[in-house]
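Note on naming: letters A, B, ... go to the chains in the order of the sequence lines (proteins, then strands), and numbering restarts at 1 for each one.
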Protein chains: 2
Amino acid sequence: MKRPLLKIGELANLANVSQDTLRFYEKHGLMRPSARSEAGYRLYSAQDLQRIRFILSAKEVGFTLKEIEELLALEVTRDEKSCQDVKSLVDEKLATVTQRIHELQRIKKSLQSLSDACCGGDEPATHCTILEALSDHDAGSSLVGGKHHDLIK
Amino acid sequence: MKRPLLKIGELANLANVSQDTLRFYEKHGLMRPSARSEAGYRLYSAQDLQRIRFILSAKEVGFTLKEIEELLALEVTRDEKSCQDVKSLVDEKLATVTQRIHELQRIKKSLQSLSDACCGGDEPATHCTILEALSDHDAGSSLVGGKHHDLIK
DNA sequence: GTTGACTCTGGACCCCACTCCAAGGTTTAT
DNA sequence: ATAAACCTTGGAGTGGGGTCCAGAGTCAAC
Ligand SMILES: [Zn+2]
Ligand SMILES: [Zn+2]
Ligand SMILES: [Zn+2]
Ligand SMILES: [Zn+2]
């Protein structure tokens with residue numbers, strides 16, 4: 001009934017990471033194989049696959065390995081922690097994620113208005129509103145926070 | 001009329017970075033002072049302040065220094081590039097920002113439902129829905145993509 | 001004219017997250 | 001029984017993004 005355990009190469013393929021990365025994560029306490037074979041081969045379970053996927057998606061959105069470790073550590077610390085502790089850790093991450101989203105939305109708006117202002121034609125960009133906005137006075141305050149000049153000649 | 005130029009320490013304070021960081025960015029082509037004093041001191045203008053702020057806010061939302069350099073390089077490449085070129089670079093960044101926002105929103109939702117499911121009380125967390133979700137089956141697919149179990153005893 | 005705060009350069013060093021060996025042991029396929 | 005493919009450990013190397021420091025010049029104030 002129990003599904004067969006995976007060797008490191010198999011897990012690596014399924015998860016799309018290198019074997020080195022798996023060993024690296026293990027060395028740093030983020031992953032360890034469910035078992036070892038007689039010969040010392042690492043053997044991974046389906047949970048292990050879930051776990052590496054968890055790590056990867058958390059990484060993708062900007063959590064550091066240390067932060068991910070904290071999240072994962074919740075699982076094993078169980079009865080030493082209260083629900084309060086656990087929840088507040090999650091809420092903390094939630095706040096930083098929310099914060100990051102806001103920053104990105106600010107940036108996105110700026111980029112969008114830059115893009116909108118540009119004619120996109122193939123003449124030399126000497127007149128380009130984007131370049132003007134970037135080099136101007138307020139080029140920095142929020143990735144060009146300002147209004148771009150009146151466009152269309 | 002012209003505002004006085006800033007020495008490196010002054011700019012560093014205003015921008016909240018170290019002098020080393022400013023010199024580091026200079027070495028890597030992201031910033032250079034508008035002028036040098038007789039004695040070779042770096043002298044920065046108000047634009048330079050804007051520029052470092054630009055760099056910092058771009059960095060904050062996850063652009064690498066190399067990407068930031070590309071954005072800034074637009075300013076000087078002007079007539080070698082067409083509006084098309086310029087705009088498509090901006091649109092590219094726009095797409096990656098949008099992408100990042102989506103990922104973060106996915107994560108945020110997951111964290112939110114984790115948080116919502118937890119009672120937050122101060123008893124030991126042996127029963128905690130968060131921990132259950134993390135260690136469970138689908139802990140990985142999207143930072144715990146699944147429904148958490150029925151809560152409230 | 002000396003003290004103290006500031007700046008210069010160059011180079012060493014650090015953390016992070018991998019990535020790439022080298023030297024060897026194991027498994028599988030023929 | 002031997003080769004190819006796979007695994008082991010340990011350790012070195014890489015690239016990004018800085019940080020720290022030594023040795024020396026500069027500037028303002030007293
Ligand atoms: Zn144009
Ligand atoms: Zn344009
Ligand atoms: Zn609870
Ligand atoms: Zn709980």
Side-chain angles (χ1 to χ4, degrees), chain A residues 4-45 48-49 51-73 96 100 103, chain B residues 4-45 48-49 51-73 93 96 100:
Chain A
L5 297 174
L6 304 161
K7 283 186 284 176
I8 196 169
E10 302 169 320
L11 180 63
N13 284 340
L14 287 177
N16 241 314
V17 290
S18 73
Q19 305 183 13
D20 274 330
T21 296
L22 289 173
R23 285 187 281 254
F24 175 81
Y25 286 167
E26 182 175 347
K27 192 160 48 180
H28 288 60
L30 282 91
M31 281 286 293
R32 49 185 201 309
S34 297
R36 291 281 186 142
S37 75
E38 301 273 292
Y41 284 22
R42 290 169 178 81
L43 297 174
Y44 297 94
S45 69
D48 293 331
L49 175 58
R51 192 176 175 103
I52 182 66
R53 291 219 239 257
F54 176 99
I55 292 169
L56 296 177
S57 50
K59 232 175 63 60
E60 196 140 311
V61 299
F63 285 103
T64 66
L65 295 190
K66 192 172 288 242
E67 288 172 325
I68 295 169
E69 207 180 341
E70 274 178 33
L71 280 171
L72 290 168
T96 81
R100 253 175 225 166
E103 281 160 8
Chain B
L5 298 174
L6 304 161
K7 282 186 286 179
I8 197 170
E10 301 170 320
L11 180 64
N13 284 340
L14 288 176
N16 242 313
V17 289
S18 74
Q19 305 182 12
D20 275 329
T21 297
L22 289 173
R23 286 187 281 254
F24 174 82
Y25 286 167
E26 182 175 347
K27 191 161 47 180
H28 293 276
L30 282 92
M31 283 284 294
R32 48 186 202 305
S34 295
R36 290 280 186 143
S37 74
E38 299 275 291
Y41 284 21
R42 290 169 178 81
L43 297 174
Y44 297 94
S45 69
D48 294 331
L49 175 56
R51 191 175 175 102
I52 181 66
R53 291 218 238 257
F54 175 99
I55 293 169
L56 296 177
S57 49
K59 231 175 61 61
E60 198 139 312
V61 298
F63 285 105
T64 66
L65 295 190
K66 191 171 289 228
E67 288 172 326
I68 295 169
E69 209 179 340
E70 275 178 32
L71 280 170
L72 290 167
K93 299 300 169 194
T96 81
R100 250 174 227 166

J.: According to a strict under-4.0 Å criterion, is B/Arg36 in side-chain N/O contact with OP1 or OP2 of D/dT26?
T.: no
J.: Name all residues meeting the ring-ring contact (aromatic ring centres under 6.0 Å, His included) criterion together with B/Phe24; count only those two or more places apart in sequence or in a different chain, and write none if there are none.
T.: B/His28
J.: Taking 4.0 Å as the cut-off, does a side-chain nitrogen or oxygen of A/Arg42 come that near to OP1 or OP2 on D/dT8?
T.: yes
J.: Could you give the distance from CE (B/Met31) to CD1 (B/Ile68), rounded to the nearest 0.5 Å?
T.: 12.0 Å
J.: Counting only pairs under 3.5 Å, give me each side-chain donor-acceptor contact of residues 38-45 of chain B, with atom names and distances, residues two or more places apart or in other chains.
T.:
| unit_1 | atom_1 | unit_2 | atom_2 | d |
| --- | --- | --- | --- | --- |
| B/Arg42 | NE | B/Glu26 | OE1 | 2.6 |
| B/Ser45 | OG | B/Ser34 | OG | 3.1 |
| B/Ser45 | OG | B/Gln47 | N | 3.2 |
| B/Ser45 | OG | B/Asp48 | N | 3.2 |
| B/Ser45 | OG | B/Asp48 | OD2 | 3.3 |

J.: Please write out the pairs of protein N or O atoms and N or O atoms of nucleotides 26-30 of chain C separated by less than 3.5 Å, giving the distance to one decimal.
T.:
| unit_1 | atom_1 | unit_2 | atom_2 | d |
| --- | --- | --- | --- | --- |
| C/dT26 | O4' | A/Tyr41 | OH | 3.2 |

J.: Whole-Å distance between C/dT19 P and A/Ile8 CD1?
T.: 14 Å
J.: For B/Leu11 and C/dT7, give me the distance from atom CG to atom C1', rounded to whole Å.
T.: 14 Å
J.: Nearest-Å distance, CZ (A/Arg32) to P (D/dT9)?
T.: 15 Å
J.: Please report the closest heavy-atom contact between B/Leu30 and B/Leu65, naming both atoms and the distance.
T.: CD2-O, 3.9 Å
J.: With sequence neighbours excluded, tell me which residues meet side-chain contact (heavy atoms from CB on, under 4.5 Å) with A/Leu49.
T.: A/Leu11, A/Leu14, A/Ala15, A/Ile52, A/Arg53
J.: Check the distance between D/dG16's C1' and B/Glu67's CD and give it to me in whole angstrom.
T.: 12 Å
J.: So, using side-chain hydrogen bond (donor to acceptor under 3.5 Å, both in side chains) as the criterion, who are the partners of A/Gln19 when residues are at least two apart?
T.: none
J.: What are the residues of residues 15-25 of chain B, sorted by number, that bring a heavy atom to within less than 4.0 Å of DNA chain D?
T.: B/Ser18, B/Asp20, B/Thr21, B/Phe24, B/Tyr25
J.: Taking for each residue the nucleotide of DNA chain C with the nearest heavy atom, is it B/Leu43 or B/Lys27 whose nucleotide lies nearer the 5' end?
T.: B/Leu43
J.: Between C/dC16 atom C1' and A/Phe63 atom CZ, what is the distance in whole Å?
T.: 17 Å
J.: Rounded to the nearest 0.5 Å, what separates atom CG in A/Leu5 from atom CD in A/Glu10?
T.: 10.0 Å
J.: Separation of B/Tyr44 atom OH from C/dC6 atom P, in whole Å?
T.: 16 Å
J.: Rounded to the Å, how far apart are A/Lys59 NZ and C/dA17 P?
T.: 8 Å
J.: Can you run down the salt bridge (charged side-chain N to carboxylate O under 4.0 Å, His left out) pairs that involve residues 12-22 of chain A, sequence neighbours left out, and say none if there aren't any?
T.: A/Asp20-A/Arg23
J.: Give me each pair satisfying side-chain hydrogen bond (donor to acceptor under 3.5 Å, both in side chains) with a member in residues 64-73 of chain B, each pair once, sequence neighbours excluded.
T.: none
J.: How many Å lie between CG on B/Leu5 and P on D/dC27, as a whole number?
T.: 15 Å
